[in-house]
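All values reported here derive from a predicted model rather than from experimental measurement. Sequence positions, counted from 1, serve as the residue numbers for this chain.
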Amino acid sequence: MNPQRLWAKSARRDEAEIEWMLLPRHLAAVHDAALQVLDATGEDQLRALGLKPSIYRDRLRRCVLLAAALHDLGKANDHFQGMICRLKDRSGRPQGVRHEWISVLLQERLKEWLLPAIANDETDFAIVGWAIGGHHPAYNRESPPRRRVPQGEGDKISVFVSHNDFKTCLQEMASRFAGLIDPPKFDETWNLPLIGAGLVFEKFEQWLAKASAAWELFTDEEKRLVAAVKLSLIAADIAGSALPRVKNAAKRLSWINDALSNTPKPGELADIVRLRLDAERAARNDPDIDLRQFQKDIGNSRAEVTFAKAGCGSGKTLAAYHWAATNHPEKRLYLCYPTTGTATEGFRDYLHNPDFTFKPRLFHGRADVDMALIVEGDEPDAEADGAARIESLDAWSTPVVSCTVDTVLGLVQNNRRGRYAWPALAGAGFVFDEIHAYDDRLFGALLRFLQNMPGVPVLLMTASLPKARFEALNNCLKRARREEMETVHGPDDLETLPRYHREDAPVDIAEWVRRELAAGGKVLWVSNTVDRAMAAADSIADLAPKIYHSRFRYCDRVERHKIVVDAFKTDCRDAVVACTTQVCEMSLDLAGVTLLMTELAPVPALIQRLGRLNRKAKLGDFTRPFIVIDVGNAHLPYTPADLQAAREWLADLPTGALSQRQLAEAWERHDAGKKPDYVASAWLDGGPVTTVLELREASQGITVVLYADARRVVNGEAKLAEVTLPMPSPPKALRWRDWDFIKGVPVAPEGSIEYDDSRGAAWQK
């Protein structure tokens, strides 16, 4: 690339250098994109955050547009230009300071000239700087940078303020903002010391002290305005960086508005309900099947937040689509599930239908792998332009989304998927399913979402919930929305239907399995750890058990999932036993389980596991047995307190036949639960500081790639997402931090892992 020009973007391999890669044109493109994002979603953003457009519309526009025009101006420095142009004198040398923070310093230096563009408002001028400094957040990235020890980047950064392309950037701004006079002129390069006196890092310390003092004076509403400005700038940067690659000029100019206006058309959400009911009528040969009353009650709820509490297999998901079709038929809809498996199954069961007039999508970290298997190798549309293949932009144009909850609640902690999807999220409705399965940190993020997004409609669903969590939700709504949470309970006939009875754990568990299989039954055996699931399978190896747990390569896990689900279908007459872990609790919709054996686990996990048993029961059917195996002191991955609470719950259950309601009510009697905490939010609480925090509680373990698979990824024969493998922490002797890495994932050396695509993985002993 021509080192005499100032560049914002590098060319792809075999791509010619074109004008939009230059810094002046990139800043103009992002400003254009910001205008379109604000026109399409600005008022949705404000309403979602509980801000009146009449008060905040102009402030949002001024802040975002100036931030867009300035955000990458700091790329006009020798460190960034050397990196992007691969100059010999900069080869391999790190940047002393990231470009966005040079942009912040330039904004401060140009303050007197720029203030008229922001209506001379010092507060909004500060917000612009906070957005610019935070438009590339990442884990473990300081905001602002504080490092003082030089690491090979030289003694200074030179900012090319006298360069012709820099002058062009300022002239372009003057033409776009009313009130800006001719831009200032600089005769020489601006040098920022990295060592010695007058360190650039001292400027950041001063900036942060002043900004932090200002942030303390902001009202709650102004803090939410800052959150909107930050994510609007990120959205504009995404679109402004991607759309210039679109060769069709008409598409390029209209894409943002077309994408963000692509919400469900009248009747399309109702079609999901209709087609699902038609399928059930055909499957059962019963033309009179209709929505149950509780599903209609959910649809009739006019509350902004509705809470649906109904047992497993009662039809909550169908009720969710009915709720959306009845109350918000033209809003984008996000169906949010706790795991990738449940998101994929939700998509497969309700949205993968060629008869739909709209195009729903599946979004999670491995969605492309799952979709390839769902559609059995169908190729994507070869006519789609490059921008449509960028996942973050795909979310903008998708009317109905099945996703992991991380896609939405990740917003609270500035996680990539959430912050990139913001323009689409702002005008959407949300269904959060299986909220009992959220860990404390994730549940705290849900509370922050409900508190700070009072303008979006939400349906919360679960089979059961501790009293403390229910009260926390209700109190949140009273404060944030001044309303009680409307609660709809599952159908009495299903909730009170006798489904289960408990049997004492036998001495010879394997004999029970053999006896059930001899009678043509289908057995689900759930262990709390992968090692014990494998040991269970080994104890009945002659019965050819199906093994399913988390410790498979992702592509193999998807295949194992399908094998197990198919084996338990009611139209499959073969007897079968599956040895699984807690992955079965939500992602496995097993219709035909006749005997459940499970290790002792926390109460909500046991209720979910029981939800796999006798799932299609109806009035007059036999109850089915379950056996709980006490693990004694082997409490991991749970706590001793969790398991003791489960023992007390089991002791309180009535003898004889049991219904789902009895399970839930016994839990609620025993467990008020600890009071949930609202989490600190990287998005809402940071102000001048923009960081990325974990959404969920950290889990033990490591994700790796097998050595042979790493070679396939490098050679283009496999995608990394297909072959990643979750493992427990490796033995210390393996010194995994010294391994090779591929795209940030450690590559397990040959011989370190024993792997079988039907059994899973274990560290080599």
Side-chain angles (χ1 to χ4, degrees), residues 312-313 498-549 560 563-570 572-585 588-603 605-617 621-635 638 643 646-647 649-651 653-660 662-663 758-759:
C312 301
R499 293 175 182 266
Y500 329 111
H501 66 268
R502 184 181 174 192
E503 298 278 0
D504 292 334
V507 175
D508 190 346
I509 295 175
E511 183 56 35
W512 266 76
V513 176
R514 288 185 170 84
R515 187 169 63 189
E516 186 70 18
L517 294 186
K522 296 180 183 289
V523 181
L524 181 63
W525 186 344
V526 189
S527 303
N528 295 340
T529 69
V530 173
D531 288 344
R532 291 206 293 270
M534 289 183 170
D538 289 341
S539 72
I540 52 172
D542 58 307
L543 301 177
K546 312 293 184 186
I547 300 175
Y548 182 59
H549 50 71
R560 298 306 302 169
I563 288 171
V564 173
V565 170
D566 288 349
F568 280 82
K569 287 181 177 177
T570 52
C572 177
R573 303 295 184 183
D574 296 335
V576 65
V577 54
C579 295
T580 79
T581 59
Q582 50 268 59
V583 297
C584 75
E585 292 171 11
L588 285 181
D589 186 0
L590 303 181
V593 178
T594 61
L595 169 63
L596 171 71
M597 297 190 304
T598 173
E599 291 185 341
L600 186 70
V603 177
L606 290 176
I607 291 175
Q608 282 299 116
R609 293 176 192 186
L610 279 162
R612 310 307 100 189
L613 178 64
N614 210 10
R615 196 170 174 84
K616 300 296 183 182
D621 284 354
F622 293 110
T623 60
R624 295 292 187 178
F626 69 95
I627 295 168
V628 178
I629 305 163
D630 199 315
V631 294
N633 294 326
H635 61 84
Y638 308 115
L643 299 193
R647 293 184 186 99
W649 172 77
L650 286 167
L653 290 177
T655 57
L658 293 167
S659 67
Q660 293 194 26
Q662 287 172 306
L663 302 180
S758 64
R759 282 181 54 83

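Between the side chain of K522 and the backbone N or O of D574 there is at least one donor-acceptor pair closer than 3.5 Å. Using a distance-only test at 3.5 Å, with no hydrogens or angles considered, a donor-acceptor pair links the side chain of N614 to the main chain of F622. The backbone N or O of L596 lies less than 3.5 Å from no partner atom in the side chain of R609, so there is not a single donor-acceptor pair. In this structure, the side chain of R560 does not engage the main chain of H549 through any donor-acceptor pair within 3.5 Å.
For the residue pair I540 and C579, the shortest heavy atom distance occurs at CD1-SG, 4.1 Å. Summarising the geometry of S527 relative to A536, their closest heavy-atom pair is OG-CB, 4.4 Å, with the distance given to 0.1 Å. The heavy-atom pair separating Q662 from P654 by the smallest distance is NE2-CG, 3.6 Å. Between F568 and A578 the shortest heavy-atom distance is CE1-CB, 3.7 Å. Contact between T594 and G521 at its shortest, heavy atoms only, is OG1-CA, 3.4 Å.
Taking the side chain as every heavy atom from C-beta outward, L663 and W649 approach each other to under 4.5 Å. When side chains are defined from C-beta on, R612 does not count as touching V526, because their heavy atoms never get closer than 4.5 Å. Looking at Q608 and Q582, their side chains never come closer than 4.5 Å, going by heavy atoms from C-beta outward. Looking at L643 and P602, their side chains come closer than 4.5 Å, going by heavy atoms from C-beta outward.
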Exercise answer: donor-acceptor pairs, residues 502-513 side-chain atoms, under 3.5 Å, sequence neighbours excluded:
| from | atom 1 | to | atom 2 | distance (Å) |
| --- | --- | --- | --- | --- |
| E503 | OE2 | H501 | NE2 | 3.3 |
| D508 | OD1 | A510 | N | 3.3 |
| D508 | OD1 | E511 | N | 3.2 |

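The side-chain contact (heavy atoms from CB on, under 4.5 Å) check on D531 picks up T529, R551, with sequence neighbours excluded. Under the side chain to side chain donor-acceptor pair (under 3.5 Å) criterion, R515 pairs with no residue, sequence neighbours left out. Residues passing the side chain to side chain donor-acceptor pair (under 3.5 Å) test with T581, sequence neighbours excluded: none. Every residue meeting the side-chain contact (heavy atoms from CB on, under 4.5 Å) condition with A646, not counting sequence neighbours, appears here in chain and number order: L600, V603, L606. Remark: R624 engages no residue in a salt bridge (charged side-chain N to carboxylate O under 4.0 Å, His left out) (not counting sequence neighbours).
Between I547 atom CD1 and M534 atom CE the span is 6.5 Å, to the nearest 0.5 Å. Between N528 atom CG and H635 atom NE2 the span is 11.5 Å, to the nearest 0.5 Å. Here the CD1 atom belonging to I629 is positioned 7.0 Å from the OG1 atom belonging to T598, to the nearest 0.5 angstrom.
Crowding of D542 atom CG: a count of heavy atoms from other residues, nucleotides or ligands under 6.0 Å exceeding 12.
For the side chain to side chain contact (heavy atoms under 4.5 Å, CB included) test with F626, the passing option among L595, L524, L610 is L610; the others fail.
Taking 4.0 Å as the cut-off between side-chain N and carboxylate O, D538 and R759 count as a salt-bridged pair.
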Decide side chain to side chain contact (heavy atoms under 4.5 Å, CB included) for R514 and L543; before the verdict, give the C-alpha distance in whole Å, the side-chain angles of both, and the deciding distance to 0.1 Å.
-> CA-CA 8 Å; R514 288 185 170 84; L543 301 177; 3.7 Å; yes

